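Values reported hereafter were calculated over all heavy atoms of this structure, with side chains retained and with hydrogens, waters and symmetry mates removed. All values reported here derive from a predicted model rather than from experimental measurement.
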Amino acid sequence: MGIISWIILGLLAGAIAKFLLPGRDPGGFIGTTLIGIAGAFIGGWISARWLDHPVAKDFYDGATWAAAIGGSLVLLVGYRLLFGNSRD
C-alpha cells in the first residue's frame with residue numbers, strides 16, 4: 001500500500017476508534033484525525049515487527065485494518081490520559 005492508502009486507512013481507523021470511544025476529546029476532530037493516521041502507521045509497524053504479520057499490499061486485508069484500528073485506539077486512550085478526558 002502507498003502512503004495515500006495509509007492516510008485514508010488512518011482516517012477511517014480514527015473514525016472507527018472515535019466511534020468505539022465516544023466522548024469529547026481535548027484535540028477535537030483534527031486531533032482525533034491525526035491520531036487515527038498515526039495509529040494506522042504504528043499499528044501496521046507493530047503488526048509487521050512483533051506479531052510476525054507483514055503489512056499486506058491489499059487495502060481490504062482484515063489484519064491490516066485490525067492493526068490500524070488497534071493502534072488508533074491505543075493512541076486515543078493514551079492521548080486522553082495525558083491531556084485530559086473532557087467527558088465530564
Side-chain angles (χ1 to χ4, degrees):
M1 286 192 328
I3 191 79
I4 301 297
S5 298
W6 274 106
I7 291 173
I8 292 170
L9 177 64
L11 291 171
L12 296 173
I16 293 170
K18 178 67 177 163
F19 177 76
L20 294 174
L21 290 172
R24 293 179 43 179
D25 291 319
F29 178 74
I30 301 295
T32 304
T33 301
L34 293 175
I35 287 172
I37 294 170
F41 281 104
I42 291 172
W45 178 72
I46 288 172
S47 175
R49 176 84 173 157
W50 284 296
L51 300 179
D52 203 26
H53 186 278
V55 177
K57 296 191 187 299
D58 187 20
F59 186 75
Y60 299 106
D61 182 42
T64 302
W65 278 88
I69 293 169
S72 296
L73 284 171
V74 168
L75 285 182
L76 187 58
V77 167
Y79 184 71
R80 285 184 180 179
L81 288 175
L82 288 175
F83 296 106
N85 186 355
S86 59
R87 284 202 253 178
D88 300 344

Gap separating the [atom1] atom of [X] from the [atom2] atom of [Y], nearest 0.5 angstrom:
X	Y	atom1	atom2	result
L76	I69	CG	CD1	12.5 Å
L9	I4	CG	CD1	12.5 Å
S72	L12	OG	CG	10.0 Å

Identify, with sequence neighbours excluded, every residue that meets side chain to side chain contact (heavy atoms under 4.5 Å, CB included) alongside [X].
X	value
L75	I35, A38, I42
V74	none
A67	S47

